[in-house]
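So the structure is just underneath, and the comments pick up after that.
For reference, positions follow the sequence shown, starting with 1.
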Amino acid sequence: MKVVVFGAGRVGSAIIRDLSKDGEFQVSAFDASKDALSSVSGLEGVDTAVEDLSVRQKVTSLAASGDLVVGAVPGHMGFKTLEAVLDAGKPVVDISFFPEDPFELDELARSKGVTAVVDCGVAPGCSNLILGRTTAEFDRVDRFECCVGGLPV
């Protein structure tokens with residue numbers, strides 16, 4: 001399976017390393033920063049390329065080359081990147097928490113017959129899963145506080 005990853009920063013590079021380590025996936029990683037890509041270039045099963053991910057047509061074209069797309073771009077780029085990936089008709093998992101409402105893209109995803117899993121980083125993402133599990137296990141939850149540092153070391 002070929003996985004396209006947009007964004008090779010701290011979190012994106014951790015995702016790229018995890019996807020490539022068992023040889024199950026062929027990973028194509030794209031970022032505007034050559035420095036960001038340098039931390040994952042040379043990994044077995046990983047191809048890298050410097051690309052301007054703010055150009056919608058470029059994102060759509062690159063997304064089309066994969067079976068699955070992972071979005072790990074900065075939040076201010078997340079919504080437009082997600083929209084371009086959906087326009088390419090590719091399923092996507094996105095960790096780029098962005099202020100726009102992702103449900104605005106629901107109709108596009110449905111029309112393309114693809115799934116978009118959004119806000120699945122550390123917080124939101126894991127924090128939501130933890131709260132959901134806690135709520136299911138206890139009779140009552142009055143308060144939930146989650147303190148996270150979303151950057152892998």
With sequence neighbours excluded, what pairs up with Phe79 under the ring-ring contact (aromatic ring centres under 6.0 Å, His included) test? Phe98
Which pairs of donor and acceptor atoms, one on a side chain in residues 59-66, lie under 3.5 Å apart (sequence neighbours left out)?
from  : atom 1 : to    : atom 2 : distance (Å)
Thr60 : OG1    : Arg56 : O      : 3.1
Thr60 : OG1    : Ala84 : O      : 3.2
Ser65 : OG     : Leu62 : O      : 2.6

Any idea which heavy atoms bring [X] and [Y] closest together, and the distance?
X	Y	value
Val46	Ser20	CG2-CB, 3.4 Å
Ala8	Ser13	O-CB, 3.6 Å
Val5	Gly7	CG1-O, 3.6 Å
Ser54	Asp52	OG-OD1, 2.5 Å

Check for a donor-acceptor pair, side chain of Lys58 on one end and backbone N or O of Leu53 on the other, with a separation under 3.5 Å. no
What residue pairs, at least two apart or across chains, pass salt bridge (Lys or Arg N to Asp or Glu O under 4.0 Å) with a residue in residues 101-111? Asp106-Arg110
Do the non-hydrogen side-chain atoms of [X] and [Y] ever get within less than 4.5 Å of each other?
X	Y	answer
Leu86	Val114	yes
Thr135	Phe144	no
Lys21	Leu43	no
Arg17	Val40	yes
Val85	Phe6	yes
Lys2	Ser28	yes

Can you tell me how far the [atom1] atom of [X] sits from the [atom2] atom of [Y], to the nearest 0.5 Å?
X	Y	atom1	atom2	answer
Asp87	Lys80	CG	NZ	12.5 Å
Lys34	Thr48	NZ	OG1	9.5 Å
Ile16	Asp31	CD1	CG	8.0 Å
Phe138	Arg133	CZ	CZ	10.5 Å
Glu51	Leu37	CD	CG	9.5 Å

Is the count of non-hydrogen atoms from other residues, nucleotides or ligands lying under 6.0 Å from Lys112 atom NZ greater than 12? yes
If hydrophobic clusters are built by linking Ile, Leu, Val, Met, Phe, Trp and Tyr wherever their side-chain heavy atoms come under 4.5 Å apart, do Val27 and Met1 end up in the same one? yes
